[in-house]
J.: 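Let me begin by handing over the structure; questions about it come next.
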There are 2 protein chains.
Amino acid sequence: MKSTIRDVAKMAGVSISTVSRVMNSPNSVIESKRERVLEAVEQLKYQPNAFARGLIYKKSFTLGLLIPDIENLYYAGVIRGVQDACIKLGYSLMICNTDRDKDRLLSYIDTFHEKQVDGVVLASDILYPEYYDKLVGCRIPFVLVSSHSDEYDIPSVEIDDEAAAYDAVKFLIELGHKEIGMIGFNHDNSIAGPPRYEGFIRALTEFGLERNIEKIKYANHRYEHAYQATHELFTDFPDLTAVFCVADEFAMGTISYLKDRNILVPGQVSVVGFDNLRMASMFIPKLTTIAQPIYELGYRGAEKLHELITTGSVELRREKMEHKLIVRESSREK
Amino acid sequence: MKSTIRDVAKMAGVSISTVSRVMNSPNSVIESKRERVLEAVEQLKYQPNAFARGLIYKKSFTLGLLIPDIENLYYAGVIRGVQDACIKLGYSLMICNTDRDKDRLLSYIDTFHEKQVDGVVLASDILYPEYYDKLVGCRIPFVLVSSHSDEYDIPSVEIDDEAAAYDAVKFLIELGHKEIGMIGFNHDNSIAGPPRYEGFIRALTEFGLERNIEKIKYANHRYEHAYQATHELFTDFPDLTAVFCVADEFAMGTISYLKDRNILVPGQVSVVGFDNLRMASMFIPKLTTIAQPIYELGYRGAEKLHELITTGSVELRREKMEHKLIVRESSREK
DNA sequence: CTGAAAGCGCTAACAC
DNA sequence: GTGTTAGCGCTTTCAG
């Protein structure tokens, strides 16, 4: 059996309240006893039982994190951010990978409810009414990372996707490209899809390149889909000299396709990605991309959640962080 | 406030034991009451409090998972495996990323102890005596995934690293390569380093290519180090026509270096990786590599842990899973 | 400064 | 079948 407060009390020859006191406010116990207690704690490797504590405090000091796809490098960064913030704040973290499955996410919320997590951060996913209702029904505070909600008033941290996409496309235009395509996220199951699309359109429009507006194919988060979408894109529009990919993973798929077709990148076609994953600089060619402060997004999200939990509200409802264009090898002047 | 068993009992007009019964063995309660209870549960969104339950059962139905580097795709796969197994087994999972920091790992064990996890899986890390002592001191059962221990008798699941490395090198030799180098893991902080080194040596020896035995440089888990190590390797041995990399991430670093030096892969140098990460087939060129059953390793590890927790021991102490050579584009006949 | 005792929410005997 | 009750391990009044 694991040792309990009673074991410690007995070994130190004091009452359990005294043991409790040295664990929580050591100064309220006279030194001689305190030392005996500490000694016993050490000997017995005593750790207060979190269940018993949770029952009293009605807090688990645990946060939940919901992510759509753990095999996507993007989330590795946010996880690290959230986890580091948790360490700083004295929380544990329960990370759950939903594989983009609604039911699975919903059932994780049940788990969170049962385990009494103090709050959850929902990363990069649309806040569907089912999610909202359930979370609110369970009275679990939550925040959105790399996402936001227009419908509900929920704290969120993300970048300005529209502006970032605009910057990427503008960069391509200023490089002299006139025939520009895009591999985007499906609008109906992604939160970043619409704003990045808008940014693409705005840049095109501002520079009088409206003819490109329809040169878009959509993919579904993974490399393979982007590969296929690129095939469709170039079948329909073989004269493209640049493509804006709304994710680095898409950019890799696009470049792979082009490579298989013996089309040089950046020689014949320039490609710009989005996210600046760790892979972006490992890929050949190294990806020109929009850098998101991924780690910071996660870190900030956890801080915001903590603020929400402890004060009941947050200062900045919808927070935006800075993005940055990183020019590497996959793009070139036309 | 979240609703408790008492709220439900009151609303349904029964005693709390009846509520408890419908939650745990529904059939022991007469239908009419059961329905009223279920109705109340629904209405109040009642979830039994895991703290209270844990206090009684002395089980948290939670497992801990310790991984060295969440930004390494390898772990994404094992996490998914472990997590899926946990869902099947009715456990929650607490994933902790140690960033290869000993103290951090140790402090996660404290957290696990406090939260009373029922067991932990330690992935891909050497079982240092400090880890062992602490885990055993806290009486937490644990298993090793992609690792093993000669010193201690701890259940483990992994592949046969020596044989896998041997296969990779043999493949290169049979392709006609005679000048073969290796980028390995440092032996002092990696569990797979020594056996993969042994496999390399055995293949070389068996085929009379002992002259290559010293053509090894070591790197430290990440791409950048492998890039640097490759630089050193080719500086010392410019005539190499093949290199065996003990990780796909290393293979990417090696290929990147070669590319920067205008050395063609596989035209002039063949490269074989190890792991078969998702990236292996996205990279250009697609990586020839040793496939590990990563997901299954995680899944099996969790099952083994469950076996250990529930029965007190495991059938197969040190389990090996199958590896497989996958030939893609980064290798070619000499 | 310290001990006794109540009680957090739940389960599991134990009566009825 | 169902209600009553005694804890599980801990914190926190409340006395002293």
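In the text below, chain A, chain B and the rest are named by the order of the sequence lines, each starting its count at 1. FYI, side chains are in, hydrogens and waters are out, and symmetry mates aren't considered; it's all heavy atoms of this structure. Keep in mind that what you see is a predicted model, and the values were worked out from it rather than measured.
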J.: When all nucleic acid strands are considered with a 4.0 Å heavy-atom cut-off, which category describes F51(A): base, sugar-phosphate, or nothing?
T.: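 Counting heavy atoms under 4.0 Å across all strands, no contact is made by F51(A).
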
J.: Specify whether H306(B) and Y91(B) have parallel, tilted or perpendicular ring planes, treating 30° as the upper limit for parallel and 60° as the lower limit for perpendicular.
T.: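 Perpendicular, since the angle between the ring planes exceeds 60°.
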
J.: With the side chain of S17(A) defined as its heavy atoms from C-beta on, choose the nearest nucleotide among dG3(C), dC8(D), dG1(D).
T.: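 Nearest to the side chain of S17(A) among the choices is dG3(C).
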
J.: In whole angstrom, give the distance that lies between atom CD of E114(A) and atom P of dC10(C).
T.: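 Interatomic distance, CD of E114(A) to P of dC10(C): 11 Å.
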
J.: Taking atom P of dG9(C) as reference, at what distance in whole Å does atom NZ of K115(A) sit?
T.: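 About 18 Å, once rounded to whole Å.
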
J.: Taking S25(B) for the side chain and N27(B) for the main chain, is one N or O donor matched with an acceptor at less than 3.5 Å?
T.: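 Between the backbone of N27(B) and the side chain of S25(B) there is no qualifying donor-acceptor contact (under 3.5 Å).
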
J.: Nearest to the side chain of R6(B), which nucleotide is it out of dG3(D), dC10(C), dG9(D)?
T.: dC10(C)

J.: What does V29(B) touch in the nucleic acid at a heavy-atom separation under 4.0 angstrom: a base, only the sugar-phosphate, or nothing?
T.: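 Answer is sugar-phosphate: V29(B) comes under 4.0 Å of backbone atoms only.
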
J.: Could you state the atom-to-atom distance from CD1 of I5(B) to P of dT11(C) in whole Å?
T.: 5 Å

J.: To the nearest 0.5 Å, tell me how far D153(B) CG sits from R317(B) CZ.
T.: 4.0 Å

J.: In whole angstroms, how far is the P atom of dT12(D) from the NZ atom of K58(A)?
T.: 12 Å

J.: Tell me the interatomic distance from N49(B), atom CG, to dT11(C), atom P, rounded to whole angstroms.
T.: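 Between P of dT11(C) and CG of N49(B): 10 Å.
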
J.: State the CG-OG distance between D161(B) and S146(B), to the nearest 0.5 angstrom.
T.: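 One gets 8.0 Å once the value is rounded to the nearest 0.5 Å.
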
J.: Would you mind reading off the distance between R53(B) atom CZ and dG7(D) atom C1', rounded to a whole angstrom?
T.: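 Rounded to the whole Å, the gap is 17 Å.
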
J.: Establish, with yes or no, whether the OP1 or OP2 oxygen of dG1(D) is under 4.0 angstrom from a side-chain nitrogen or oxygen of K33(B).
T.: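 For K33(B), the contact criterion (side-chain N or O under 4.0 Å from OP1 or OP2 of dG1(D)) is not met.
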
J.: Output the rounded distance in Å from CG (D7(A)) to P (dC8(D)).
T.: 12 Å

J.: What integer distance in Å separates I16(B):CD1 from dA13(C):P?
T.: 15 Å

J.: How long is the straight-line distance from CD of Q116(A) back to OG1 of T111(A), given to the nearest 0.5 Å?
T.: 12.0 Å

J.: Closest to the T18(A) side chain: dT11(C), dG3(C), dT2(D)?
T.: dG3(C)

J.: Which of these nucleotides, dT2(D), dT12(D), dG9(C), is closest to any side-chain atom of L55(A)?
T.: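 Looking only at side-chain atoms, L55(A) lies closest to dG9(C).
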
J.: For dC10(C), take OP1 and OP2 only and decide whether either is under 4.0 Å from a side-chain N or O of Y46(B).
T.: yes

J.: Both R21(B) and I56(B) contact DNA chain C. Which one's nearest nucleotide lies toward the 5' end?
T.: I56(B)

J.: Touch check for S20(A), heavy atoms < 4.0 angstrom, all strands: base, sugar-phosphate only, or nothing?
T.: base

J.: Of S15(A) and N24(B), whose nearest nucleotide on DNA chain C comes first from the 5' end?
T.: S15(A)

